[in-house]
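Down below is the structure, laid out as structure tokens.
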Amino acid sequence: MKALEIQNLKFFYMGREEPAIDIEHLSIEDGETVLITGRSGGGKSTLVNCITGIIPHVFHGEFEGEVNVYGKSTVKTPLSKLSTEVGIVLQNPETQVLNYTVEEEVAFGPENLCLESEDISERVRESVDITGTSHLMDRETYTLSGGELQRIAIAAVLSMRPKLLILDEPTSNIDPEGTAKVFDIIRKLKEEKTLIVVEHKVERMLPFVDRIIVIDNGKILLDIKSSELSHYVEKMVEIGIEVPIHFIYARQNGIDSEDMDTIRERLRQINMIPAPPKRAETSRVVMQAAVSVSTKAGKKLVDGEIELQEKQILAIMGRNGAGKSTFLKGLMGFLDIDLNCEIQAALDGRDISREHIIKRGKEIAFVPQNFDLTLISKSVELEVAYSLKKRKVKNYMDRVDKLLDMFSLSDLRYRDPLSLSLGQRRRVAMASAMASGVKVIMLDEPTSGQDYFHKQVLGKELTRIKEAGYSIIIVTHDSRFVYRFADRVVVFNEGRKVLDGTPESVFMESRQYSILPPSDFILRSDENELVNH
Amino acid sequence: MNWLIINVVSWMLFFFGAAFPVLILLKAIGLTGFMKVTRYESYHTFYYRMNPSVKIILGIMVMVVASVTIWWIGAIMTVAILSSYLTLKEGKRKFITGMFLTIMTVIGTTWAFAPYTPYVILQEAFHNSHLTTLWVWPSYFTVMGYQPALTTQGLIYGFQISMRFTAVSLMSLVLVMTSTPSQVLRSLNKVGIPTSLTFSLVVAMRTVPRIFEYIDTSVKIQFMKGLGSNAPSIMRPFYMLAGAFSGIVPVIVFLVRGAKDTAISADTRAFRAYSKRTYMHPMTIGKVDKMALSAVILIILMTVIMVMMGFGKGISYNG
């Protein structure tokens with residue numbers, strides 16, 4: 001039986017002349033596992049919204065064509081009835097989890113179906129067993145890590161017992177350990193359900209999927225078996241999709257294999273192992289900081305130190321809860337007043353430990369993960385000028401112009417920052433944070449939720465800023481991004497710094513802290529060295 | 001000179017009443033302090049075991065009693081409810097936060113009534129035509145509705161009025177801190193309030209603590225970008241308040257972007273599939289609820305007796 005059948009689907013959002021999705025035919029068999037990938041804004045989410053019935057039941061617009069899930073038309077069937085046929089797990093678990101306790105969250109769907117309490121209990125038990133979250137049942141949802149919360153979101157959908165499960169970028173906001181657990185769930189569910197996974201991490205998904213569908217500009221560009229991926233590498237890269245790096249080199253050098261070890265060996269034989277990314281040379285130390293954070297009850301949360309050099313990108317990595325963000329927030333004075341925080345920090349040799357956030361902010365910029373919260377002005381120009389005006393800098397418009405130019409925002413200077421695209425908003429937040437002449441820029445999880453294309457853009461932006469003389473600290477889970485763009489990596493574990501060095505040296509040992517080395521690194525590494533570690 | 005001092009002191013007193021309570025609260029507990037008293041945390045003491053319907057009844061009872069009886073009954077209830085905060089999870093911290101909230105409510109309400117209440121009402125309330133003047137306002141303050149002078153009786157009157165609010169605010173927070181939105185939803189549905197309406201409440205209960213968290217981040221970023229950089233540090237709480245107002249729009253936009261996911265998450269899990277819902281743990285009335293309901297009945301009886309004894313007059317508040 002067909003799990004999904006789409007015929008002549010077109011959907012236009014209100015006020016748009018071009019369709020957001022335009023698919024002539026697509027069908028998915030019962031039991032298949034399909035990866036849907038593509039650039040952000042390419043139409044992936046619109047497609048899954050059409051499959052779940054969210055379009056046209058929740059989001060309205062002009063809908064044409066036919067979408068059937070297990071023979072039921074998504075247009076004619078009420079959403080509540082469709083919910084037992086198709087379930088969806090969204091990208092951000094924080095916004096989809098509605099309830100305060102884990103048990104209530106998982107029970108929410110079956111309770112809506114008016115099942116008997118015994119049936120609800122049975123479904124809840126079954127779902128938390130599959131997702132390995134039974135130990136979290138008594139916890140409040142807001143106390144969970146991103147990975148735990150995402151598994152609860154999956155359990156909450158599984159309790160509806162849908163035949164078709166859609167996971168829309170389920171790992172984009174979580175750490176490698178959480179990601180691995182989500183992939184474990186996918187592996188288990190593959191045997192039982194029809195799965196559609198929307199993901200940018202093609203490399204990680206490859207072992208699980210039967211088919212890969214690439215969507216761009218609302219259309220299906222590729223619909224291939226996963227085993228055929230290596231033949232379409234150039235096309236995928238051209239579209240801006242992240243593909244395993246060894247596939248690219250194999251293709252470029254005529255190596256007919258998909259196995260990393262074989263490809264590396266053959267590349268070595270023909271002396272074509274690519275050079276590692278260029279790292280910044282050692283320079284003078286701009287900032288030294290030691291941060292110690294503990295609860296009122298005396299429990300140590302963070303006790304670590306970092307050293308940042310001039311014109312350097314320093315990445316801080318670690319599991320969720322390892323203390324990375326707490327370290328940054330402690331350094332900036334952003335922590336909850338219930339926590340004890342001791343800082344020893346020097347910037348250009350000057351002790352800034354006791355300075356108020358206002359003074360510290362003059363030289364250190366901080367862009368939080370939720371950078372939208374920082375955009376308070378009515379126009380991009382005013383937002384960038386905010387800091388300069390507040391600090392009474394004379395003739396500040398020259399500096400504003402330079403920053404707008406540096407971040408390619410000149411054409412958008414009169415636009416409301418909140419009305420811009422994600423990438424543009426992030427650039428405004430960065431330009432505004434840097435305006436007062438900072439020397440150090442700190443970004444908390446800038447790669448979270450971004451696709452390959454936007455991560456490349458971000459990496460290039462940061463490199464440009466670095467070359468302009470700034471020193472940058474980023475907190476991230478993305479080891480591929482770190483390998484490509486960072487000059488040094490610090491790994492935190494249980495609040496302490498456990499590794500510090502170049503990406504090459506850190507990735508040799510980072511597995512023990514749940515940080516998987518990227519394929520870019522493995523391809524360039526010596527096999528013996530890797531085995532030894 | 002005398003004129004200048006009167007004006008300066010009067011305006012300082014004016015701003016004291018308008019801003020002091022909020023500023024002290026921001027200084028003492030911070031924006032994240034509000035988050036902690038508007039968020040559920042699981043625990044095992046009696047409030048947490050009590051049926052939310054009983055807590056709602058208790059809250060209504062406290063409101064009725066505080067509004068129909070003499071001020072000191074409200075004060076006694078305030079002390080009793082505040083003391084019961086010690087039984088909550090992290091009770092000591094919540095007690096201190098609750099105490100700050102209460103003191104600031106008292107100051108705010110007193111100041112909201114003391115300068116405005118007409119003398120004739122004060123004379124009637126205190127059975128005394130002689131009022132004790134504490135401060136004479138500049139004549140133009142009457143434009144703002146002020147009486148010509150601030151009196152001791154005005155302050156006492158304002159204080160007594162505040163006792164109408166303190167107990168009920170503390171009791172409302174007990175409901176929020178000790179019941180999950182889902183439990184409240186069950187209780188409200190049981191009395192026939194439609195699911196779609198109660199669901200809005202559930203989402204609100206989940207969102208309010210986040211609002212404080214996000215505004216806190218927004219304010220800190222504004223400070224980092226130089227907000228209040230040229231002002232003395234004593235003025236920072238004012239800037240914090242200004243920053244909180246500036247942060248409202250981005251916080252709302254941010255929340256609205258997330259609300260789309262919330263709607264999808266609910267609708268794709270059969271929300272509103274039926275006019276009613278069933279529950280994994282149906283609501284029951286336990287021993288704690290029976291004790292609380294007995295207390296409610298006792299309070300009702302005592303209130304009736306008090307009112308009959310003449311302690312139920314709206315005026316005079318001082319008995």
Side-chain angles (χ1 to χ4, degrees), chain A residues 52 54 57-58 79-80 83-84 87-88 90 92 94-101 103-104 107-109 111-117 120-121 124 138 140 142 156-157 160 332-334 336-337 356-358 360-362 365-366 368 370 372-376 386-387 390-392 418 432-433 436, chain B residues 29-30 32-33 36 39-42 93 180-183 202-203 205-206 209 214-218 220-230 233 236 243 246-247 249-251 253-254 257-274 276-282:
Chain A
T52 54
I54 292 162
H57 293 289
V58 179
L79 208 50
S80 55
S83 61
T84 53
I88 182 165
L90 303 168
N92 186 355
E94 270 196 31
T95 50
Q96 68 186 309
V97 168
L98 309 165
N99 292 279
Y100 262 97
T101 69
E103 188 182 80
E104 286 174 349
F108 180 81
E111 287 178 344
N112 289 331
L113 293 172
C114 280
L115 302 176
E116 294 294 322
S117 65
I120 299 171
S121 299
V124 169
D138 296 329
E140 294 100 349
Y142 62 82
V157 176
M160 299 296 288
M332 284 314 297
F334 269 43
D336 196 330
I337 53 175
H356 187 266
I357 182 174
I358 296 176
R360 223 179 282 169
K362 201 172 173 186
F366 178 59
N370 302 329
D372 278 347
L373 301 174
T374 70
L375 305 175
I376 56 162
Y386 180 91
S387 171
K390 292 291 171 194
R391 293 190 191 278
K392 304 230 181 305
L418 291 169
S432 176
S436 63
Chain B
I29 66 172
T32 48
K36 289 192 174 124
R39 186 167 74 180
Y40 170 80
E41 287 174 306
S42 56
R93 212 185 64 200
T180 66
S182 173
Q183 290 169 342
V202 168
V203 174
M205 278 177 80
R206 183 98 168 83
Y214 294 153
I215 287 189
D216 185 58
T217 303
S218 178
K220 282 174 178 160
I221 292 284
Q222 289 174 61
F223 273 132
M224 201 194 74
K225 291 202 278 189
L227 177 68
S229 55
N230 296 301
S233 58
R236 272 180 202 151
S246 304
V249 172
V251 166
V253 171
F254 186 75
R257 286 196 172 122
K260 184 186 79 177
D261 284 358
T262 308
I264 293 173
S265 173
D267 283 335
T268 54
R269 285 192 281 158
F271 182 64
R272 288 179 302 177
Y274 302 95
K276 288 201 169 175
R277 304 173 78 222
T278 52
Y279 296 99
M280 185 166 158
H281 301 298

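A note on names: the letters A, B, ... follow the listed sequences, proteins ahead of strands, and every chain is numbered from 1.
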Tell me whether B:N230 at atom CG has more than 12 heavy atoms from other residues, nucleotides or ligands lying less than 6.0 Å away. yes
Heavy atoms only, distances under 4.5 angstrom: which of A:S121, A:G87, A:S436 has the most pairs with chain B? Name it, please. A:S121
Which residue out of B:D267, B:V203, B:D216 racks up the most heavy-atom pairs below 4.5 Å with chain A? B:D267
State, with a plain yes or no, whether a side-chain heavy atom of A:V157 is found less than 4.5 Å away from one of A:I88. no
B:S42 and A:E140: side-chain donor and acceptor closer than 3.5 Å? yes
Engaged part of A:H57 at the chain B interface, taking heavy atoms whose separation is under 4.5 Å: neither
Name the region of A:K392, side chain, backbone, both or neither, that has any atom closer than 4.5 Å to a heavy atom of chain B. both
Chain B contact via A:S432 - side chain, backbone, both or neither, heavy atoms under 4.5 Å: both
Counting heavy-atom pairs under 4.5 Å with chain B, the top scorer among A:T101, A:D138, A:V97 is A:V97
Please flag which part of B:Y40 lies under 4.5 Å from any non-hydrogen atom of chain A: side chain, backbone, both or neither. both
If we define contacts as heavy-atom pairs under 4.5 Å, which of A:I358, A:I120, A:L375 has the most with chain B? A:I358
May I ask you to test the B:K225-A:F366 pair for a side-chain heavy-atom distance under 4.5 Å? no
Among A:H356, A:R360, A:E116, the residue with the most heavy-atom pairs under 4.5 Å to chain B is A:H356
Does any non-hydrogen side-chain atom of A:Y386 lie less than 4.5 Å from one of B:Q222? yes
Given side-chain contact (heavy atoms from CB on, under 4.5 Å), test A:E104 with B:T180 step by step and report yes or no. CA-CA 9 Å; A:E104 286 174 349; B:T180 66; 2.5 Å; yes
Counting heavy-atom pairs under 4.5 Å to chain B, which of A:G333, A:A433, A:A365, A:A156 comes out on top? A:A156
Nearest non-hydrogen partners of A:M160 and A:S83, listed with the distance: CE-OG, 3.4 Å
Do B:I221 and A:L373 make a side-chain contact, defined as non-hydrogen atoms from C-beta onward lying under 4.5 Å apart? no
Proximity breakdown for A:V124 and chain B, heavy-atom pairs closer than 4.5 Å: side chain
Contact leader toward chain A among B:R236, B:K260, B:H281, B:R272, where contacts are heavy-atom pairs under 4.5 Å: B:R236
What part of A:L90 lies closer than 4.5 angstrom to a heavy atom of chain B: side chain, backbone, both or neither? side chain
B:V253 portion near chain A, given a 4.5 angstrom heavy-atom threshold: side chain
Largest heavy-atom contact set with chain A, pairs under 4.5 Å, which of B:P181, B:A273, B:G226: B:G226
Heavy-atom distance under 4.5 Å to chain A: side chain of B:R39, backbone, both or neither? both
B:A266 versus chain A, the contacting section by heavy-atom distance below 4.5 Å: both
Can you say whether the rings of B:F271 and A:F108 are parallel (under 30°), tilted (30 to 60°) or perpendicular (over 60°)? parallel
Mind checking whether A:N112 and A:S80 have side chains closer than 4.5 Å, heavy atoms only? no
Side-chain touch B:P250/A:I376, heavy atoms, less than 4.5 angstrom: yes
What part of A:R391 is in contact with chain B, defined as an atom under 4.5 angstrom from a non-hydrogen atom: side chain, backbone, both or neither? both
